[in-house]
Amino acid sequence: MISPAFAGQDWPSAQALARQQLRAATVRVTTARLKVLGALLAAPRALSHQDIQQQFDSMDRVTLYRALDTLTSAGLAHKIAGDDRTFRYSAGTELAAPDGAMDLTTGPHSHGHFKCARCAKVFCLDESTHAGILTGEVLATAAQPTLRHQLQQLLQQSLGPGFLSQDIELTIKGLCPDCTA
């Protein structure tokens with residue numbers, strides 16, 4: 001059964017892509033991992049454990065947590081901490097090429113998020129529009145350094161020399177289209 005969270009998505013294609021990504025990442029394909037990754041790939045937004053649990057009521061909570069941990073460790077999904085202390089998960093689509101092959105050179109979770117302040121839904125920002133901004137992969141001129149470089153300079157100005165950022169999380173908060181209507 002596919003819920004409204006997956007409405008309009010191509011469930012069979014998501015399942016096929018999930019199988020392909022699991023194999024490419026050399027992760028053993030199990031029914032739970034296939035279902036969970038397929039659900040994350042088909043969902044238009046990041047899903048909480050409970051969102052996923054509601055879709056697969058025959059799957060016990062421990063199996064679901066283990067599947068999510070495995071997918072996260074393999075870089076096939078990423079975990080997003082919410083202000084409400086609920087983790088949400090999204091498919092690590094930044095690792096998937098259009099043909100479904102894995103590109104493990106980019107590293108997991110190098111994109112930002114939009115979080116609705118009213119309904120708490122989390123959406124991954126399209127990586128193609130800002131893929132290298134935070135990772136420093138965008139070529140910057142001397143007059144226009146990358147955002148990551150600017151934030152590193154701000155960090156050192158604020159806390160002093162010697163501080164070096166390793167990971168930057170970007171979350172834009174506001175209202176989603178459903179909540180602005």
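We use all heavy atoms of the structure for the numbers below, so side chains are in, but hydrogens, waters and symmetry mates are not.
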J.: Please name all residues satisfying ring-ring contact (aromatic ring centres under 6.0 Å, His included) with Tyr65, sequence neighbours left out, ordered by chain then number.
T.: His49
J.: CD/Gln153 to OG/Ser158 distance, rounded to the nearest 0.5 angstrom?
T.: 13.0 Å
J.: Please identify each residue that fulfils side chain to side chain contact (heavy atoms under 4.5 Å, CB included) with Leu159, with sequence neighbours left out.
T.: Leu155, Phe163
J.: Does any non-hydrogen side-chain atom of Ile80 lie less than 4.5 Å from one of Ser90?
T.: yes
J.: Within the 4.5 Å heavy-atom criterion, are Leu41 and Gln21 side-chain neighbours or not?
T.: yes
J.: Only counting residues at least two apart or in another chain, list the ones meeting salt bridge (Lys or Arg N to Asp or Glu O under 4.0 Å) with Arg88.
T.: Asp84
J.: How about CZ on Phe123, more than 12 heavy atoms from neighbouring residues, nucleotides or ligands closer than 6.0 Å, or not?
T.: yes
J.: Applying side chain to side chain contact (heavy atoms under 4.5 Å, CB included), name anything that partners Gln50, two or more places apart in sequence or on another chain.
T.: Ser48, Gln54
J.: May I ask you to test the Phe114-Ile172 pair for a side-chain heavy-atom distance under 4.5 Å?
T.: yes
J.: Closest approach of Cys179 and Cys116, non-hydrogen atoms and distance?
T.: SG-SG, 3.6 Å
J.: Test side chain to side chain contact (heavy atoms under 4.5 Å, CB included) on Met59 and Val36; report intermediate values, then the result.
T.: CA-CA 10 Å; Met59 187 183 304; Val36 173; 4.1 Å; yes
J.: Distance from Thr171 atom OG1 to Lys115 atom NZ, nearest 0.5 Å?
T.: 9.0 Å
J.: Can you find a pair of side-chain heavy atoms, one from Leu164 and one from Gln152, that are under 4.5 Å apart?
T.: yes
J.: Measuring only between side-chain heavy atoms, which start at C-beta, is Leu68 closer than 4.5 Å to Leu40?
T.: yes
J.: Among residues at least two apart in sequence or on other chains, which ones pass side-chain hydrogen bond (donor to acceptor under 3.5 Å, both in side chains) with Thr70?
T.: none
J.: Taking the hydrophobic residues Ile, Leu, Val, Met, Phe, Trp and Tyr, and joining any pair whose side-chain heavy atoms are under 4.5 Å apart, which ones share a cluster with Val62?
T.: none
J.: With sequence neighbours left out, what residues match Lys121 under salt bridge (Lys or Arg N to Asp or Glu O under 4.0 Å)?
T.: Asp178
J.: Only counting residues at least two apart or in another chain, list the ones meeting side-chain hydrogen bond (donor to acceptor under 3.5 Å, both in side chains) with Asp60.
T.: Thr63
J.: Anything under 3.5 Å between a donor and an acceptor, one on a side chain of residues 28-35, the other on a protein residue two or more places apart or in another chain? List them.
T.:
| unit_1 | atom_1 | unit_2 | atom_2 | d |
| --- | --- | --- | --- | --- |
| Thr30 | OG1 | Arg33 | N | 3.1 |
| Arg33 | NH1 | Arg28 | O | 2.9 |

